[in-house]
2 protein chains.
Amino acid sequence: MTDTTRKPTINDVAERAGVSKSLVSLVMRNAKSVSDHRRAAVLAAAEELGYRPNAIARSLVSQKTHVVGVTVSDFRNPFFTDVVEGIATVAKANGYQTLINTGDRTPHGETEAIDTFIQLRTDGIILVGTVVDDETIDRIGTVSPLVSASYASGSLKIDSVVTDDVKGARLAVEHLVGLGHRDIAHITGGKGAGANRRVRGFRAAMKAEGLSERARVVEGEFTESGGISGVAELFGSGTKPTAVFAANDQAAIGVLRGLTARGIVVPNDVSVIGYDDTNLAAFEHINLTSVHQQRVLMGMTAMELMLERVAGSRQSARCVTLEPRLTVRGSSGRAPS
Amino acid sequence: MTDTTRKPTINDVAERAGVSKSLVSLVMRNAKSVSDHRRAAVLAAAEELGYRPNAIARSLVSQKTHVVGVTVSDFRNPFFTDVVEGIATVAKANGYQTLINTGDRTPHGETEAIDTFIQLRTDGIILVGTVVDDETIDRIGTVSPLVSASYASGSLKIDSVVTDDVKGARLAVEHLVGLGHRDIAHITGGKGAGANRRVRGFRAAMKAEGLSERARVVEGEFTESGGISGVAELFGSGTKPTAVFAANDQAAIGVLRGLTARGIVVPNDVSVIGYDDTNLAAFEHINLTSVHQQRVLMGMTAMELMLERVAGSRQSARCVTLEPRLTVRGSSGRAPS
DNA sequence: CTGAAAGCGCTAACAG
DNA sequence: CTGTTAGCGCTTTCAG
């Protein structure tokens, strides 16, 4: 298991095939300047020995690992896994490997994950739904190519790709107003990535509809319990809204629960809209109207930005904005008269 | 961005601090045999230069990467993400990094992912819900420490950790029988990992209850549509069961949909049980009775087995079996009289 | 077309 | 306690 089974090196292959190391190296990288005869001999020797090039050693000299590190703030959130899938697809298509790591939703854990990538000398790092502050991002951006997905960093050193959440919020509001709703509330995502933009978008859209006075915003979280507590606050006292726009699907599901518990019927009494349009929203038993984000595309775009950086074909920071859509399902309906 | 920003090496730090490379190396690894004075000087120099040890170079000489590769057959399945979380927790606690890769649910893709890990010289590889055949597993097992989670490989070279699915199926059957059900059907998981054990367990349990004659088994899949088609087959003709045990939660949700579409009420007319006890099952709107698998523990155990292998403290293969539990929720109830 | 030699950044014996 | 000397497995000039 130790030295007896030592993995074969380029030297072993060279010896077995009776040629020089450099010759083997050329063959392994498909160089053309090798005679068919020797190439065959090398290939045969490699096959026999079960030789696999040592990518570690290779990258030590080439200064390229062909690996990009990806930090994911929350593995369990289906939104993120789709983004990661997009990243992986484009990466693989371009000969890159993706190394995934989670920072356990904490700035400290994520910073640690990033540091590991730096020590591993990944060619670049993609932050998905990062929770670290702009200052740290800026610092890391000077050391390694960096792109942020789903969070628009203030740093000028890095690229980012986000959904136009201001517009997403507007789509939700316009849909509800079209259904006759006027008392509309928004439960925020707290300090989560993108939460701010959604709040701004909500306020702006309500204003545009001349409903500023009737807009209510309560603090929440990107979780089911965030939605539940939001409902408690909204329906505990004062004017009750006829529609609730939650910061994401998980919070919206909390809203559904909270409403059901109070005997309020969706969508007859109150309409509910989520954000992200995850699989959850599509489940027939949940059937949630939701603002759709192009998750896989977001990941693909992030990786494409990274490739440009790695190739050195662009030095300036770029922020790509993706268009949201509204997916209408059963949780939204005409306002009660 | 290229050579002007070259990352500082141990040499740069040594020069800056006015000491030898080996001294710096010792300090970076917290060796005690260094005078406080020099240690401080080195640390200061490293800090100024923003030096991060090159893990690539380090592992080239130490022959250890402190990285374990993890292949996940399906990222979207919450079952697997929990297993991965367990792996990552134990790995981190022991100074290991986890490199995650998906094989897109295909044997070819997964084999490719494994090959990448081998080239990267990861210290070991953990297969989560693998889809590659035993022969391939056996071959890889001779090259690298390997452990399989959720699939019990026939290979004698590798370790595995699985849930006792035979018992899990029995728990489901016993629960239903206790509620007065006698006509019970099972919708299988097709060729998916663990599907076989669940079928066997179902058959054995029904036999033990003296209900062999009334047991029905229809072919399905580990997906929602697998459940839907199963319902179509079960309720299309012949004796209709009063309870359905699906191979996993996603299929069970398909069953719920299929039943609802036919106007069959759960659990009044028919009881439904799933497998995995994922977050989905717990959603109030789904509220599915399900056989619970200790997912995080499964991942933790897998990583522990890996650590034993890496440390060389065990040469023989080991298969750990985890206990299932039944989580009772609203989708199962007394059999109609 | 092929081989020899010099290093990539780091660690691991050895000497002082 | 500290510096020197060899490599780890590979790529890359530079000569033949």
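Quick note on labels: first sequence line is chain A, next is B, and so on, each numbered from 1.
Nucleotide C:dC14 holds its P atom 16 Å from the CG atom of B:L26, rounded to whole Å. Taking atom CG on B:D36 and atom P on D:dC1, their separation rounds to 9 Å, with Å as the unit. Going from atom CZ of A:R121 over to atom C1' of C:dC8 covers 12 Å, rounded to whole Å. Look at CG on B:N11: it is 7 Å from P on C:dC10, rounded to the nearest Å. Straight-line distance from the CZ atom of B:R58 to the P atom of C:dA12: 9 Å, rounded to whole Å. Residue B:K7 contributes atom NZ, which lies 16 Å from atom P of C:dC8 at whole-angstrom precision. As rounded to whole Å, 9 Å separates atom P of D:dC10 from atom CE of A:M28. Rounded to whole angstrom, the span from the CD1 atom of A:I10 across to the P atom of D:dT12 amounts to 11 Å.
Under a 3.5 Å cut-off, the side chain of A:T130 and the backbone N or O of A:L127 do not form any donor-acceptor pair. Side-chain atoms of B:T136 never come within 3.5 Å of backbone atoms of B:V132 as a donor-acceptor pair (strictly under, hydrogens ignored). No donor-acceptor pair closer than 3.5 Å links the side chain of A:S144 to the backbone N or O of A:G124.
With the nearest nucleotide of DNA chain D identified for both B:S62 and B:G18, B:G18 has the one nearer the 5' end. Nearest-nucleotide positions on DNA chain D place B:V61 closer to the 5' end than the other of A:R29 and B:V61.
With distances taken from any side-chain atom of B:S20 to the nucleotides D:dT4, C:dG3, D:dG9, the minimum falls on D:dT4. Checking D:dT11, D:dG3, C:dG3 against every side-chain atom of B:L23, the shortest atom distance belongs to D:dG3. You'll find that the side chain of A:N54 is closest to D:dG9, out of C:dT11, C:dC10, D:dG9.
For the P atom pair drawn from C:dA6 and D:dT5, the interatomic distance equals 16 Å after rounding to whole Å.
With salt bridges taken as basic N to acidic carboxylate O contacts below 4.0 Å, one links A:K157 and A:D138.
Using a 4.0 Å heavy-atom distance criterion, A:S22 is classed as a base contact. Contacts of B:S35 with the nucleic acid, taken as non-hydrogen atoms under 4.0 Å apart, involve only primed sugar atoms and P, OP1 or OP2. The residue B:L60 sits close to a base: some heavy atom pair falls under 4.0 Å.
One finds a side-chain N or O of A:Q63 lying less than 4.0 angstrom from the OP1 or OP2 phosphate oxygen of C:dG9. Look at A:R38 and you'll find a side-chain N or O under 4.0 angstrom from OP1 or OP2 of C:dT2.
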Point to revise | side chain to side chain contact (heavy atoms under 4.5 Å, CB included) between B:T65 and B:L120, worked out | key: CA-CA 8 Å; B:T65 53; B:L120 247 29; over 6 Å; no
